[in-house]
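In what follows, a structure is listed as structure tokens, so that the remarks can point back to it.
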Amino acid sequence: MNESNALRSETAKIDGDTPTLRLFALLEVIAEKDQFFSLQSLVEEIGLPKPTLHRMLQQLESAGMLQRDGDGRQYSTGVRLRRLAENLLLNNTMHGARRIVLRQLVEEVGESGNLTAFNGSEVVYLDRVETAAPLRFYLHPGSRVPAHCSATGKLFLAQMSPAQRRRLLAHVPLERFTANTITDYDTLEREIEVIKRNGYALDNEEFLPGLLCVAVLVPGKPGHSNIGVAIQAPIMRLTVDKALHFLPALQRAAQALSNIEREAEQSTPAQIAHLTRQA
């Protein structure tokens with residue numbers, strides 16, 4: 001592809017019949033970025049005139065979809081856009097089908113289970129099913145936990161390159177919540193290497209004293225998943241050894257959730273509704 005054809009291909013990314021659709025298409029381009037970006041870098045990437053692109057960025061910034069960072073010349077996703085992404089995950093049409101899988105997992109292992117997603121530098125609880133046991137920790141859907149002290153959060157971080165993690169965590173203090181919280185970047189990197197080898201992660205009283213969690217990612221596109229599934233319980237009932245004994249059940253649940261997501265991608269709206277009812 002020659003340079004002019006490449007430019008037309010990139011410009012087509014933000015094509016649309018109305019100004020609103022072109023703004024939405026620009027957001028799609030921005031959503032693919034894993035770092036701050038500037039007006040000039042977008043001009044070079046997309047090929048639109050600088051004044052046009054500057055006006056579009058101003059509109060998105062005034063709507064809370066983008067925000068300026070650093071020296072004011074760099075942009076990143078805004079609070080409103082991140083909330084939109086979070087609400088889409090929380091209210092996904094597959095919620096009913098996923099909840100059935102989560103409930104079956106909880107019935108099998110006898111402890112609370114949850115689904116989470118990665119948003120910014122935090123883990124967001126998409127859904128949770130509580131154990132019937134009288135002693136439990138309550139974390140409702142929509143709750144947020146810093147990634148560095150969450151089992152699924154560390155799994156999400158493990159998908160990134162070291163440079164991506166460093167760039168993200170450079171702006172996020174590794175806050176201490178318990179005596180077991182990892183607050184040193186190099187220690188966290190060593191933990192992530194272990195997680196990448198094992199394929200699962202633990203939160204051993206790193207966020208809340210007395211709470212242990214084991215988690216795996218829901219299989220998605222190669223090298224990337226934005227949904228994790230986990231089991232949580234008080235340490236008086238759930239030891240590390242017992243948590244690892246639950247791994248096969250956790251992995252079966254993760255695969256079932258992955259199947260639901262894959263079928264949904266290939267289904268019509270009517271088929272999705274049927275899948276939700278039949279899960």
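All figures in this text were calculated on a predicted structure; none of them were measured in a lab. Residues take their numbers from the sequence shown, with the count starting at 1.
Taking 4.5 Å as the limit, some side-chain heavy atom of E206 sits within range of a side-chain heavy atom of N204. Using a 4.5 Å cut-off on side-chain heavy atoms (C-beta onward), Q104 and I100 make contact. No side-chain heavy atom of L53 sits less than 4.5 Å from a side-chain heavy atom of K50. The side-chain heavy atoms of L211 and I235, taken from C-beta on, include no pair separated by under 4.5 Å. Contact annotation: the side chain of L27 approaches that of M65 to within less than 4.5 Å [non-hydrogen atoms, C-beta and beyond]. Looking at heavy atoms from C-beta onward, I227 lies out of side-chain contact with F118 at the 4.5 angstrom threshold. Side-chain contact check for V43 versus L48: every heavy-atom pair is 4.5 Å or farther apart. In this structure, the side chains of V145 and C149 come closer than 4.5 Å at one or more pairs of heavy atoms.
The two atoms that bring Q232 and L238 nearest to each other are C-CD2, 4.4 Å, heavy atoms only. Contact detail for V218 and S258: the closest heavy-atom pair is CG1-N, 3.5 Å. The two residues L202 and V240 come nearest to each other via the heavy atoms CD1-CG1, 3.9 Å. For E130 against S112, the heavy-atom pair with the smallest separation is OE1-OG, 3.0 Å. Between S225 and G220, the closest heavy-atom pair is CB-N, 4.4 Å. Residues I195 and K154 approach most closely at CD1-CB, 3.5 Å, considering heavy atoms.
Other residues, nucleotides and ligands contribute more than 12 heavy atoms inside 6.0 Å of the OH atom of Y185. For R80, the CZ atom sits in a loose shell: 12 or fewer heavy atoms of surrounding residues, nucleotides or ligands are nearer than 6.0 Å.
No side-chain N or O of Q74 forms a donor-acceptor pair with one of S38 less than 3.5 Å apart. Between the side chains of T181 and R176, no donor-acceptor pair is found at a separation under 3.5 Å. Between Q40 and E44, the side chains place a donor N or O and an acceptor N or O closer than 3.5 Å (distance only, hydrogens not considered). Residues T116 and T152 have side chains that bring a donor and an acceptor to within less than 3.5 angstrom of each other.
Remark: E205 pairs with no residue by the salt bridge (Lys or Arg N to Asp or Glu O under 4.0 Å) rule, at least two apart or across chains. Scanning for salt bridge (Lys or Arg N to Asp or Glu O under 4.0 Å) contacts around E193 gives K196, with sequence neighbours left out.
The backbone N or O of G110 sits less than 3.5 Å from a side-chain atom of T131, completing a donor-acceptor pair. Side-chain N or O atoms of N198 include none that pairs as donor or acceptor with a backbone N or O of Y200 at under 3.5 Å. R167 places no side-chain N or O within donor-acceptor distance of the main-chain N or O of P162, the cut-off being under 3.5 Å. Judged by distance alone, the side chain of R165 and the main-chain N or O of M160 form a donor-acceptor pair under 3.5 Å.
Under 4.0 Å is where a charged nitrogen must lie from a carboxylate oxygen, and between E189 and R166 no such pair does.
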Evaluate the criterion side-chain contact (heavy atoms from CB on, under 4.5 Å) for residue pair L208 and T178; output intermediate values, then yes/no.
CA-CA 7 Å; L208 291 173; T178 74; 5.6 Å; no
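Between H148 and F177, the angle of the ring planes lies from 30° to 60°, which puts this pair in the tilted group.
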